[in-house]
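The block underneath contains the structure these notes are about, expressed in structure tokens.
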Amino acid sequence: MKNFRKELWFEITERRAFINITPQITAALKESGIKEGLCLVNAMHITASVYINDDESGLLQDYEDWLEELAPHEPIAKYRHNNTGEDNGDAHLKRQIMGREVVVAVTEGRLDFGPWEQIFYGEFDGRRRKRVLVKIIGE
Ligand code: ZN
């Protein structure tokens, strides 16, 4: 069995953003040379997510609005976590609901998606360098 590991780095200039990282994952799969197996993609930070859904601008805005309703960034003092001196209490909660990782089947050398599935990086506390891990195993 072969295995492949790669870190993707991001530095999002805004506090929050959704980035379609499917092209980078497709490139990593090609680089791995693996044709049949599994591809894990996970955020390496507790204020960012990796998830799968549609790349549709209305939906991305719906996520932004929904997450801000659930866990608004302000007022900062609303979150006990921010008593540590941080201001990202909301970002930890947003990450939790959007998830840490995805696993995609690899079939005949490609990501075996359902209709419209795309892999996204969800940033909830950006403006600094953060990583996504790609691990592919198979043959
Ligand atoms: Zn924090």
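Remember, it's 1-based here, ligands and their atoms both numbered in the order they're listed.
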Using the test salt bridge (Lys or Arg N to Asp or Glu O under 4.0 Å), find all partners of Asp87 that sit at least two apart in sequence or belong to another chain. Arg15

Donor-acceptor pairs are to be reported for all side-chain atoms of residues 112-121 against protein atoms at under 3.5 Å, with residues two or more places apart or in another chain.
from	atom 1	to	atom 2	distance (Å)
Asp112	OD2	Thr107	OG1	2.6
Glu117	OE1	Gly114	N	2.9
Gln118	OE1	Asn20	ND2	2.9
Gln118	OE1	Thr22	OG1	3.3
Tyr121	OH	Glu123	OE1	2.7

Please determine if the Zn ion (ligand 1) has an N/O/S atom from Thr47 lying under 2.8 Å away. no

Could you tell me whether any N, O or S atom belonging to Asp125 is less than 2.8 Å from the Zn ion (ligand 1)? no

Report the angle formed at the Zn ion (ligand 1) by atom OE1 of Glu86 and atom NE2 of His92, rounding to the nearest 10°. 150°

Electrostatic pair Lys6-Glu31, nearest N-O below 4.0 angstrom: yes

Exam field: side chain Ser49 to backbone Tyr51, donor-acceptor pair closer than 3.5 Å: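 Side chain of Ser49 to backbone of Tyr51: no pair is present.
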
How is the N/O/S atom of His81 that comes nearest to the Zn ion (ligand 1) named?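 Looking only at N, O and S atoms of His81, the one nearest the Zn ion (ligand 1) is named NE2.
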
